[in-house]
Structures are given as structure tokens and as C-alpha cells.
Amino acid sequence: MRKIIIDTDCGSDDAVAIIMALKSSEVNVEAITTVCGNVPLNLATLNALMTIEVGNGQKPPLYVGSNKPLMCDLVTAVNVHGNDGMGDCDLIHPSLQPEEEHAVDAILRIVSTYPYEVELVAIGPATNIALAIMKDPITMKKVKHIYTMGTSGFGRGNTTPVAEFNVYVDAEAYSVMLNSNIPMTIIGFDVCLGDAALNKEDMEMLMASGKKEAEFSVKCNKALLDYNLNRCGEYIIDLPDAVAMGVVLWDSIVLESLNCYCYVCTKEAATYGQVIIDDGSFPAVSNGFTNNKPNALVCKTLDNKTFKRKMFELLIK
Ligand code: RIB
Ligand code: CA
């Protein structure tokens, strides 16, 4: 049985990804670790605890992690996910409690216990993972694989024209993670759009399923739906973290991916959080992009139809 640790800044799309993993019979969720991002750490923790409670699946231990990025002040996404990160629908009243151990220590302990078996699923900023790498790089070399929802992939940013949110919150941490030589798969924001998003019919189906975790998955994304309606008039809920979890659980949905050299911009404000993805097809002659070996497999095309079918099968089973 595959062993995964989910590192999350538990906003509303994270919640759907977590429920997918908790209900899956293909992975054992060894731990959930929380990090600041969509919302401050305390809310991300409450949201993740509530998600475990309603998830109707595994009940993994939860460990609390970093309450601020490595170098910057926290920038949240409450404008997208709601002030509580979960749609501001008064859904979050967990009775579960987090463990005492810090998330970074828990990650190192679990990886050390199961060398070369643990896969990290990073669906928030990379702060906890970067701290673990810096604290004990030898142990972290025993991580089997990192799946990261992050970067704008081969498309535009969602937080600035060039930066995706998870990287923008802590670009230095993302750079540490990318340069760790841990095998890595990147699910960029670009492959989480279009028909990977929930449409009105999908939402109505989930709400009518009679499964509380399916209803929770729609209700907690109310703020995201309103954000999309106001921003572009589309009645959709894009779920980047759920798409990333889909890649973790069902790698057959990845129709095209490229081994790339990825470089994180951290120096200039205008490009802070941009990840330049070099697939090797450019005749680059300038320094910085010549002869760099790939450091991540970047998803380019997904089978969204199969992804949504399998996600719904999990949510309403
Ligand atoms: O850019 C999308 C990512 O940022 C998702 O993980 C979302 O939850 C936010 O953390
Ligand atoms: Ca997230």
C-alpha cells in the first residue's frame, strides 16, 4: 500500500483533495501536515481537522507546521476562498485535535521510519518541506516522490501575471524543494482549468448524492464559485489540489508530461514566484539555461473526463 503525507494550507480546494485521499483504497495517509497559505495556519489547521472529520474515510493524525513563509510576510487567498478559507458557510466546527509534534519533525520521523516509501503530496506553499530539507537533508533524500500542486505550468500565473499562488507565498521554499534532487512531479495551475473544473451539473449531482462529504466539497467552495462568477461570469469551481490528488492516485490520467529544468525567480518583485520551465527545446545559449539537468516532471495534458469520473466515484461512494 502506498504511503503518503499531505502537506496542506487547507482552503476549499485542498479539502476536496484530502477527502479523495481519505476515501481512496490505493493510499495510506500516514499524516496530514498544515502550513500557512490560503489562510493563516490556525484556520488551515481547523479546516483540515474538519475535513478529516467529515471525510468518511481514513482518520490520519494531523501535525501543525509553519505559520509564516521563510522570508516574506504571509499573503493569503481569503479573497478567493473566503475569510475562513472554506466558503464562510459556518461549516468549520472540528472536535478532532492536532498532535503535539511539529509538522517538520513528523515528516522527518515518518520518512525515516519508511525510507524510500513515503510520497509527499504538497498542495500548499512549500515552507514545511523546505524546512525539513534544510533541517535534515540526508533523511529527506529518502523521500520516494514529491507531487506538488504549484507553478503556472506552461500557462499564466493566477496571483501575478507570472506567479502561481503556492509558489508566490514562499518562492524561496519552492526553490529549496525544487533543488533537493527529490524525484518530483509538478501539477501546474494550467492543467487545473477548463473541463477539469466542476460545472453546475457536477455540483448539483454532488449535492443530490446524499453523501455529506460530497455536499461538504461543494458547500465549502461557495466563495470560490462566487469569485469565479464575479471575475469571469463562469459558474465553475476550479479545484487545483483535487486535480493534483487525481494525478497522485491515478497516474494514467497524465496524457503528456515533460522532464524539465525549473527555475524559481526570487530576486525581483515583478517576477517573484515565477517558475521558468525549460523543456530543453530552446536553443538557449545564455548562462542559466544551458546544460541544466531536469529537476521535475511537469504535467502538460490530463485526461479530465477520466479524472472527474474517478473523483466523483470516490466522493459519492
Ligand atoms: O494556485 C492554486 C493553489 O493555491 C491551490 O493549492 C490553492 O489551494 C492555493 O493553495
Ligand atoms: Ca492549497
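These numbers come from the heavy atoms of this one structure, side chains and all, not from hydrogens, waters or symmetry mates. Order of listing sets the numbers, starting from 1, for every ligand and every atom in it. If you're wondering where the values come from, they're calculated on a predicted model, not measured in any experiment.
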Q) Of all N, O or S atoms in D9, which has the smallest distance to the Ca ion (ligand 2)? A) OD1

**Q.** Check ion pair R109-E101 (N to O, under 4.0 angstrom)
**A.** yes

**Q.** Main-chain N/O of S175 paired with N179 side-chain donor or acceptor, under 3.5 Å
**A.** yes

Q.
Quick test of your reading of the model: are K200 and E204 salt-bridged, counting only N-O distances below 4.0 Å?
A. yes

Q. Which atoms of ligand 1 have any heavy atom of D9 under 4.0 Å away?
A. 10 (O)

(Q) Between K308 (side chain only) and A197 (backbone N and O only), is there a donor and an acceptor less than 3.5 Å apart? (A) yes

(Q) Any nitrogen or oxygen of I123, side chain or backbone, less than 3.5 Å from one on ligand 1? (A) yes

Q: May I ask you to test the T8-V35 pair for a side-chain heavy-atom distance under 4.5 Å?
A: no

Q.
Under 4.0 Å from a heavy atom of N166: which atoms of ligand 1 are those, numbered in the order shown and with their elements?
A. 3 (C), 4 (O), 5 (C), 6 (O), 9 (C), 10 (O)

Q.
Using every non-hydrogen atom in the two residues, find where L108 and K135 come nearest and quote the distance to one decimal.
A. CD1-CD, 3.9 Å

Q. Is it true that the NZ or CZ of K300 lies under 6.0 Å from the centre of F154's six-membered ring and within 45 degrees of the ring axis?
A. yes

Q. For ligand 1, which atoms, with element, lie under 4.0 Å from some heavy atom of D14?
A. 8 (O)

(Q) Tell me whether the NZ or CZ atom of K3 lies within the 45° cone about the ring axis of Y114 and under 6.0 Å from its centre. (A) yes

Q) Got the closest protein heavy atom to atom 1 (O) of ligand 1, with its distance? A) E164 OE2, 2.6 Å

Q.
For atom 9 (C) of ligand 1, what is the closest protein heavy atom, and at what distance to 0.1 Å?
A. N38 OD1, 3.2 Å

Q) By number and element, which atoms of ligand 1 are closer than 4.0 Å to a non-hydrogen atom of M149? A) 2 (C), 3 (C), 5 (C), 6 (O)

**Q.** Which segment of N158 sits under 4.0 Å of ligand 1 when only heavy atoms are counted
**A.** side chain

Q) Taking only heavy atoms of D13, which atoms of ligand 1 are found under 4.0 Å from at least one of them? A) 5 (C), 6 (O), 7 (C), 8 (O)

Q: May I ask you to identify the nearest protein heavy atom to atom 6 (O) of ligand 1, giving residue, atom name and distance to one decimal place in Å?
A: D241 OD1, 2.6 Å

Q: Would you kindly say whether D14 and N38 are connected by a side-chain donor-acceptor distance under 3.5 Å?
A: yes

Q: Calculate the angle formed at the Ca ion (ligand 2) by OD2 in D241 and O in I123; 10° precision is enough.
A: 90°

Q) Got a sec: is D13 within less than 3.0 Å of the Ca ion (ligand 2) via an N/O/S atom? A) no

